[in-house]
J.: 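Structure below; questions to follow.
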There are 2 protein chains.
Amino acid sequence: MAKDIGWELYRSFLGVLREGSLSAAARALGVTQPTVGRHIAALEKSFGLTLFVRSQGGLQPTQAAGSLRVHAEEMAKTAAALQRAAANQGTGVRGVVRVTASEVVGVEVLPAILTRLRNDFPELKLELVLSNRPQDLLHREADIAVRMFRPHQAQLVARRIGEIEVGLHAREDYLGRHGCPDHPQELAANALIGFDQQTDFIRRAARNLPAGFDRERFVLSADSDLAQLAMIRAGAGIGACQVPLASRDRRLVRVLPEHFCLPMETWVTMHEDLRNSAPCRAAFDALATGLQQYLAQD
Amino acid sequence: MAKDIGWELYRSFLGVLREGSLSAAARALGVTQPTVGRHIAALEKSFGLTLFVRSQGGLQPTQAAGSLRVHAEEMAKTAAALQRAAANQGTGVRGVVRVTASEVVGVEVLPAILTRLRNDFPELKLELVLSNRPQDLLHREADIAVRMFRPHQAQLVARRIGEIEVGLHAREDYLGRHGCPDHPQELAANALIGFDQQTDFIRRAARNLPAGFDRERFVLSADSDLAQLAMIRAGAGIGACQVPLASRDRRLVRVLPEHFCLPMETWVTMHEDLRNSAPCRAAFDALATGLQQYLAQD
DNA sequence: GATCAGCCATACATTTATGTATGGCTAAAG
DNA sequence: CTTTAGCCATACATAAATGTATGGCTGATC
């Protein structure tokens, strides 16, 4: 096998893939355009294949380059994880902790918790990754995850927070105009706010949904849970949201609580290696207690 | 955040972790000792923490360095995967394909298949990883896996080969001396060859094991399936092995076929991105057809 | 069609990283 | 006790990578 290739080259390679041109990649990486150009040339020579088709508007990746991209991304993620891990290694609660959560929790619940945490530890930095797709804690895409299911991977420290209940809600003035439904059948006559594409959670919860609440009846649809929440708050109709969230807003009224009630098991998880990391530990504890308070306010 | 750290530094870091000294790491990496020393110094400066305690006998990693190691290893694995992927990208069946399989299959079955493959494609190189632990195909720890269970991850091309049967066997001269058991109860009077620690496969198959074949009765134990096979072949007693394997050896006789019969579903799997890679494709096909022949010789 | 902005490629200067050579140190072997 | 082999650290020389400056090219805009 030919000599191993310098890892720095992969960095430039990924930069060009992401930015689309040597010049842009150079700017992003903090080097100059000829340097990136030489790196790509060196890679192509090593591999013996064409990675990019040069053009005046930039470089277009070949199919080969595309298939290598995932690996380069993985390198970048790992490098970032290593750097974060190193920053969290010293004594004292300082460094960067990356927290992942669902969009709703991240926007509605975490800010207050993380603000308190930051007040307690001003040297702590936080990165928030909002996604309904579970991040890979084992490979440190995130340090701590707030998830709605029991983690099934080993090597994780997991704390069960409790169950967040999801129920149907609407603003009282909407219900005043349309009447508050007493039976699921009456839902059909209402402006239902729902999902567009089925998410994992919905699929799992589908069997617990009442008959009147399904995709065909939705008048307002959005894949974004945040958008659905905003529509409920705006009085657009009846939709599903977390009960403790709705109870913060006096104008929101729960609809058909006995027919529509989805409890979501809530967990805070972290890689076990991070137990000895002061900043991760602090963030973990703050999230656990903060979320418990969130549940208790129900 | 401080400036990003050159990925090359991580390489030196991992080298020192693996080799235990600057000098040894330098040799392994093909650079000189001062270079590695500077890299480590640069890393320690960037991180603001001590990674190694210098001593005359070498460098001893601190706890911090140890906790960063997994990430560095991950970088190395990914870099290797990228390089392999690149090598397999060109036209023609050349490059390195990494195949993983169980120890028994790897030692007893694959050599013939891979030899034929290499004869057909002299420019193809093969790496064999023998392990009962499933390798991570998604992250390209291996390109192709021969596994005894249906793959549950998406993004994988999987071909079902059939079922390899596992049965009890012994050499005929052993049976001549001790008599061939007709009922499971008679097993207790025999020299049983079995596992020491329970493997995943055993655990899953446990409910299908006959009453007379369990851990307490084993006279000869080994975790290595290869060692068990060798003992069976040496005429040491009765043990379990793959039926097509035993039928190659005329001296081996199957024992209690109706009571002890564990079919193992056999699959060849590969990441779907590799379908367009000529060398991986060739290896995949060769493995699939070769294993099918192996099953058919039963 | 002329101007401008953005891009890549090349030639040259400079900085940076690396290699070479050496000395000091320790632990084990003679 | 001496020798040897292995290691790290430093000073200096060298090679390699990077930056600077420039020219040519294309496509959009006026």
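Labels below follow one simple rule: chain letters A, B, ... track the order of the sequence lines, proteins then strands, and each chain is numbered from 1. Only heavy atoms go into these numbers, but all of them, side chains included; no hydrogens, no water, no symmetry mates.
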J.: Would you call A:Glu74 and A:Arg140 a salt bridge, taking side-chain N to carboxylate O under 4.0 Å as the test?
T.: no

J.: Of all residues at least two apart in sequence or in a different chain, which pass the side chain to side chain donor-acceptor pair (under 3.5 Å) check with A:Arg98?
T.: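 Testing A:Arg98 for side chain to side chain donor-acceptor pair (under 3.5 Å), a comparison that skips the adjacent residues, returns A:Glu127.
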
J.: Output the rounded distance in Å from CG (A:Leu59) to C1' (C:dC8).
T.: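 Interatomic distance, CG of A:Leu59 to C1' of C:dC8: 8 Å.
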
J.: With a 6.0 Å cut-off on the ring centroids, do A:His139 and B:His139 count as close?
T.: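 That pair passes the under 6.0 Å test.
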
J.: Can a side-chain donor-acceptor contact be found between A:Glu44 and A:Thr50 if the only test is distance below 3.5 angstrom?
T.: no

J.: Does a salt bridge link A:Arg159 with A:Asp285, judged by any charged N lying under 4.0 Å from a carboxylate O?
T.: yes

J.: Quickly work out the A:Leu9 CG to C:dA17 P distance and round it to whole Å.
T.: 15 Å

J.: Using the salt bridge (Lys or Arg N to Asp or Glu O under 4.0 Å) rule, pick out the option among A:Lys125, A:Arg275, A:Arg84 that qualifies with A:Asp143.
T.: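 Testing each of A:Lys125, A:Arg275, A:Arg84 against A:Asp143, the sole residue satisfying salt bridge (Lys or Arg N to Asp or Glu O under 4.0 Å) is A:Arg84.
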
J.: I'd like to check the salt bridge (Lys or Arg N to Asp or Glu O under 4.0 Å) partners of A:Arg69; sequence neighbours left out, ordered by chain and number.
T.: A:Glu73

J.: Take the C1' atoms of the five end pairs on each side of the helix from C:dG1-D:dC30 to C:dG30-D:dC1, derive the two axes, and give their angle rounded to 10 degrees.
T.: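 One end's axis against the other's: 20°.
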
J.: Provide, to the nearest angstrom, the distance between the CD atom belonging to A:Glu19 and the P atom belonging to C:dC8.
T.: 12 Å

J.: What is the separation between atom CG on A:Leu51 and atom P on C:dC8, rounded to the nearest whole Å?
T.: 15 Å

J.: Take atom CD of A:Gln33 and atom P of C:dC7, then tell me their distance rounded to the nearest Å.
T.: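 One finds 9 Å between P of C:dC7 and CD of A:Gln33, rounded.
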
J.: Sequence neighbours left out, what passes salt bridge (Lys or Arg N to Asp or Glu O under 4.0 Å) with A:Arg38? Give chain and number order.
T.: none

J.: Please check the phosphate of C:dC7 (OP1 and OP2 only) for any side-chain N or O of A:Arg27 closer than 4.0 Å.
T.: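 Yes.
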
J.: Rounded to the nearest angstrom, tell me the gap between atom CG in B:Leu22 and atom P in C:dT18.
T.: 14 Å

J.: D:dT20, OP1 or OP2 - any side-chain N/O from A:Thr32 closer than 4.0 Å?
T.: no

J.: Can you tell me how far P of D:dT18 sits from CD of A:Glu8, to the nearest Å?
T.: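 In whole Å, D:dT18 P and A:Glu8 CD are 8 Å from each other.
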
J.: Quickly work out the B:Arg54 CZ to D:dC8 C1' distance and round it to whole Å.
T.: 9 Å

J.: Between C:dC8, D:dC8, D:dG19, which nucleotide has the shortest distance from any of its atoms to the side chain of A:Ser21?
T.: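 Within the option list, the nearest is C:dC8.
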
J.: Identify, residue by residue, the members of residues 35-44 of chain B with a heavy atom below 4.0 Å from DNA chain C, and return them in order of residue number, or none.
T.: B:Thr35, B:Arg38, B:His39

J.: Show me the donor-acceptor pairs within less than 3.5 Å that the side chains of residues 26-36 of chain B make with the rest of the protein, sequence neighbours left out.
T.:
unit_1: B:Thr32; atom_1: OG1; unit_2: B:Thr35; atom_2: OG1; d: 3.2

